Protein chains: 4
Amino acid sequence: MRRCKAEVERTRQRLLDAAEQVFSDRGYAVARLEDIADVAGLTRGSIYWHYDGKPELLEAVIDRAWFPWDQLPAEQTEAQPLPGIPQMASVLGQGIQQTLTEPHLRRSASILLQGHELRHVSERVQARLQGMQKRIRRYVALVIEQAGAGRLAFGERDARARAVGVFMFGALSEALLLGLPGEQYPIGREVERFILALLLPGMEGG
Amino acid sequence: MRRCKAEVERTRQRLLDAAEQVFSDRGYAVARLEDIADVAGLTRGSIYWHYDGKPELLEAVIDRAWFPWDQLPAEQTEAQPLPGIPQMASVLGQGIQQTLTEPHLRRSASILLQGHELRHVSERVQARLQGMQKRIRRYVALVIEQAGAGRLAFGERDARARAVGVFMFGALSEALLLGLPGEQYPIGREVERFILALLLPGMEGG
Amino acid sequence: MRRCKAEVERTRQRLLDAAEQVFSDRGYAVARLEDIADVAGLTRGSIYWHYDGKPELLEAVIDRAWFPWDQLPAEQTEAQPLPGIPQMASVLGQGIQQTLTEPHLRRSASILLQGHELRHVSERVQARLQGMQKRIRRYVALVIEQAGAGRLAFGERDARARAVGVFMFGALSEALLLGLPGEQYPIGREVERFILALLLPGMEGG
Amino acid sequence: MRRCKAEVERTRQRLLDAAEQVFSDRGYAVARLEDIADVAGLTRGSIYWHYDGKPELLEAVIDRAWFPWDQLPAEQTEAQPLPGIPQMASVLGQGIQQTLTEPHLRRSASILLQGHELRHVSERVQARLQGMQKRIRRYVALVIEQAGAGRLAFGERDARARAVGVFMFGALSEALLLGLPGEQYPIGREVERFILALLLPGMEGG
DNA sequence: GATGAATGAGTCTTCATTCAT
DNA sequence: GATGAATGAAGACTCATTCAT
């Protein structure tokens, strides 16, 4: 019965897909390993060959999920020059849109936002959320800095970067909690517009 | 032991307080009725005298919770004239701040934001969130309308009202999910500033 | 609030009626005191003023129930001469018919036949059944004795009396277990006919 | 621990045996799954691997139970010629005796006769009883028909068949409800004698 | 006499987890 | 690698019973 490594890997991915789906649909606490196994076409018992238990399965799901903003540069580099504010707004807006539209991303986001009750399961959830927030803020701050260098009062730059992060968080949370379908509503466009509305006035007017 | 009506009412409130706390601390699914009973100083069984079960207890908690924005006027009336944008920004900012600071409000908010998994328990959760969002948007739209009547492009007013709602949602979600303590961070002030930055430019400049 | 004795007695009867009904409908073990209280128009708590608990309520119901054959003479007396076999057959048949038709009797019988599981609740149930059986047998034996004195082999008389008892038991059990309505089927007449068929041949032919 | 198929089947039988015993001893409503598990040498939880719950366990017990009269021919066939009345009486009498003596049969019968309260659990109980009654009656009617063809008034044949059924029902019920031990009392012999007394006179005398 | 709030023991049921095969 | 039987702990819910009013 020994299968090649690729085969095993495929099974693990099927398992993660299933877990992702069930965790996001029913919520981690209510999700049953049997449901996950069913979706994956396996049995409860076999989950334990691949993962140590339910919490570890959750962590694996979380660790596998990569969001558009996870690749945002944290620093100005020669290889990857920073965009201007309009382009950044577009990138972030599209990130939101994609996250809400692409099933895997949407499910992963839904799991991460499942509330601080997951704290008791894995502190990695909160760490992941914090990391995402920090990354977005840092990126926005960098772009703002470059766009309007020197013209912003001390602290103002960070406040605006934070505002962008909060707004994105809100767009995501709202859509997921209220079940707004990503395909129909141009949430990404809204995000883009309001980043522009928020950042451009203070920049251009300088 | 039968007590006078007031005593019974106090017991129910104690029960709701306890449920609020335990539901928000551990999450609804993980919360044990025994914990709630313990916190309320009662026994598991007596919960069933007052409520039909765990879901009904959740609904009672949700129905009891009133947030600052639940009282926002949905229409312009003579008795209650609409404020200007700065005052509105202040009101909404303080609402966020109060919600994150006052324990009861914070817990209630935490429960409502516990993710769409609560859908399977009570559809009232989502209805409540939607209602809150609508109320805030309507209010903001009214104030914008009054402040800059006629000067906004069609649809622009609602878009901005929506943006305010999304931002507030984000501020709340972020603080609750990441466990930011309301007392230390001036989140309300940030909300206020964001609203001003978003709404004033388009108004005054008109 | 003090009511006269008659009033109290009426309440107790209402309670016993309710208990009789609920015990026979749902079965003793499944019957809830709340159901009984509801039917009686009282509350759970007040049952305890009249009876010590559920088992005692059952006993009270059993003790109140009187079946037609409970009055059968256990001995030949001058005041109450024994009937002939045909008249006895008629009496017993009518007893069965009445028990299956009259609601109170039917319910009581249903409770008594609820199986030996009631042993664990009150040994009075089995004692009652045994008593009924003995009484019927003794009576039948007396009547047989008188009708065909001397002509029956030793032991034969008791065997036939026992057979009559068993047949009546069967008619009752069958009707109650299978839910045959007393009003529509002439079960009593059947009992009568087969007592005749069983007893007359051996008597007359002698 | 997974064992071979035969082992699993043995476990199921052990479970059914245990359920049979506990259901008949304490009564279905009062029987605890824990007791059943204990008797079977398993744990409460494992019952749910094999059956969906308590009611389904009851049904499985009922469906497994086969009484002597379940094999009685429902029709005259060449392969299986009908017996005469004396032989039939002997067969039925022995059936009763065996049912009261053999532990499995006695327990199964005890469960079926546990009263119509089981209606609320599974309508299969009543259906089973009715089926048994019908089968016995049909068989007796066939034998009577063959023994005294043409000499019985219309309807008389069925009435006597019914009487036999009722008597058997009574013998069974009485023994079970009053706890008469099958080994000591010749109840089967009594049934046989009753049947003869009831059927032979009308046949031979014709 | 009656009520209804409160108790606490009892039981079903679920489900993560283990492990022989 | 995978299966499915079995475990055991945990939790929701029921209900007889108590008791202050």
Side-chain angles (χ1 to χ4, degrees), chain A residues 1-4 7-8 11-12 29-37 40-55 57, chain B residues 1-5 7-8 11-12 15 29-37 40-55 57, chain C residues 1-4 7-8 11-12 29-37 40-55 57, chain D residues 1-5 7-8 11-12 15 29-37 40-55 57:
Chain A
M1 288 295 160
R2 210 182 133 234
R3 288 173 174 85
C4 59
E7 186 79 16
V8 170
T11 302
R12 289 175 75 99
V30 182
R32 302 181 309 157
L33 287 191
E34 182 164 24
D35 293 334
I36 295 173
L42 294 172
T43 57
R44 267 209 310 285
S46 67
I47 292 180
Y48 286 85
W49 201 92
H50 297 284
Y51 300 97
D52 281 342
K54 203 181 175 187
L57 190 52
Chain B
M1 325 312 167
R2 191 187 177 196
R3 293 187 174 81
C4 59
K5 257 190 168 177
E7 187 80 15
V8 170
T11 301
R12 288 176 77 98
L15 205 47
V30 183
R32 298 184 307 162
L33 288 189
E34 182 162 24
D35 292 336
I36 295 175
L42 293 173
T43 58
R44 250 194 337 277
S46 66
I47 293 180
Y48 289 88
W49 177 260
H50 296 285
Y51 300 97
D52 280 344
K54 205 180 173 188
L57 188 53
Chain C
M1 289 292 158
R2 215 185 126 231
R3 288 173 176 84
C4 57
E7 186 78 15
V8 170
T11 301
R12 288 174 77 99
V30 182
R32 302 181 307 158
L33 287 192
E34 183 164 23
D35 292 336
I36 296 174
L42 294 172
T43 57
R44 268 209 307 287
S46 67
I47 293 180
Y48 286 85
W49 201 92
H50 296 285
Y51 299 97
D52 281 344
K54 204 181 174 188
L57 190 52
Chain D
M1 325 310 167
R2 190 186 177 197
R3 295 186 173 82
C4 59
K5 256 192 169 178
E7 187 80 14
V8 170
T11 301
R12 287 176 77 99
L15 206 47
V30 183
R32 299 183 307 160
L33 288 189
E34 182 162 23
D35 292 336
I36 295 175
L42 294 172
T43 57
R44 243 184 356 266
S46 66
I47 293 180
Y48 288 88
W49 178 258
H50 295 285
Y51 301 97
D52 280 344
K54 205 180 173 188
L57 189 52

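Here the structure is a predicted model, which is why all the values come from computation and not from measurement. Labels below follow one simple rule: chain letters A, B, ... track the order of the sequence lines, proteins then strands, and each chain is numbered from 1.
- In this model, the phosphate group of E:dA5 is not approached by any side-chain N or O of B:Thr11 to a distance below 4.0 Å at OP1 or OP2.
- Atom C1' of nucleotide F:dT7 and atom CG of D:Leu42 are separated by 10 Å, given to the nearest angstrom.
- DNA chain F forms stems at E:2-21 with F:2-21, each a run of 3 or more consecutive Watson-Crick or G-U wobble pairs whose two key distances fall under 3.5 Å.
- Scored by the side-chain contact (heavy atoms from CB on, under 4.5 Å) test, A:Ala37 finds A:Ile47 as partners (sequence neighbours excluded).
- In terms of position on DNA chain F, the residue among B:Val30 and D:Gly45 whose nearest nucleotide sits closer to the 5' end is D:Gly45.
- When the side-chain contact (heavy atoms from CB on, under 4.5 Å) test is applied to A:Tyr51, the partners found at least two apart in sequence or on another chain are A:Arg12, A:Leu15, A:Leu16, A:Leu57, A:Ala60.
- Taking for each of C:Thr43 and D:Glu34 the nucleotide of DNA chain E with the nearest heavy atom, the 5'-most of the two is the partner of C:Thr43.
- Here the side chain of C:Ser46 is nearest to one of F:dA6, F:dG11, E:dT3, namely E:dT3.
- Residue-to-nucleotide contacts include a donor-acceptor pair under 3.5 Å from the side chain of A:Arg44 to the base of E:dT17.
- Between the CG atom of D:Leu57 and the C1' atom of E:dT13 there is a distance of 14 Å, rounded to whole Å.
- Across the protein-nucleic acid pair, B:Arg12 atom CZ and E:dA5 atom P stand 9 Å apart, rounded to whole Å.
- Atom-to-atom, CD of D:Glu7 to C1' of E:dA20 comes out at 11 Å; the value is rounded to the nearest Å.
- Residues from residues 47-55 of chain C with heavy atoms under 4.0 angstrom of DNA chain F, sorted by number: C:Tyr48, C:Gly53, C:Lys54.
- Every side-chain contact (heavy atoms from CB on, under 4.5 Å) that A:Ser46 has, sequence neighbours left out, goes to A:Leu42, A:Thr43.
- Every residue meeting the salt bridge (Lys or Arg N to Asp or Glu O under 4.0 Å) condition with B:Arg32, not counting sequence neighbours, appears here in chain and number order: B:Asp35.
- Between C:His50 and C:Thr11 the shortest heavy-atom distance is NE2-CG2, 3.8 Å.
- Nucleic acid contact for B:Ala29: none, since no nucleic acid atom lies under 4.0 Å from a heavy atom of the residue.
- To the nearest angstrom, C1' of F:dA6 lies 16 Å from CG of D:Leu33.
- Between D:Leu33 and D:Lys54 the shortest heavy-atom distance is CD2-CG, 3.9 Å.
- In this structure, C:Arg32 places its CZ atom 8 Å from C1' of F:dC15, rounding to the nearest Å.
- D:Ala31 comes within contact range of the sugar-phosphate backbone alone, with a heavy-atom separation under 4.0 Å but no base atom that close.
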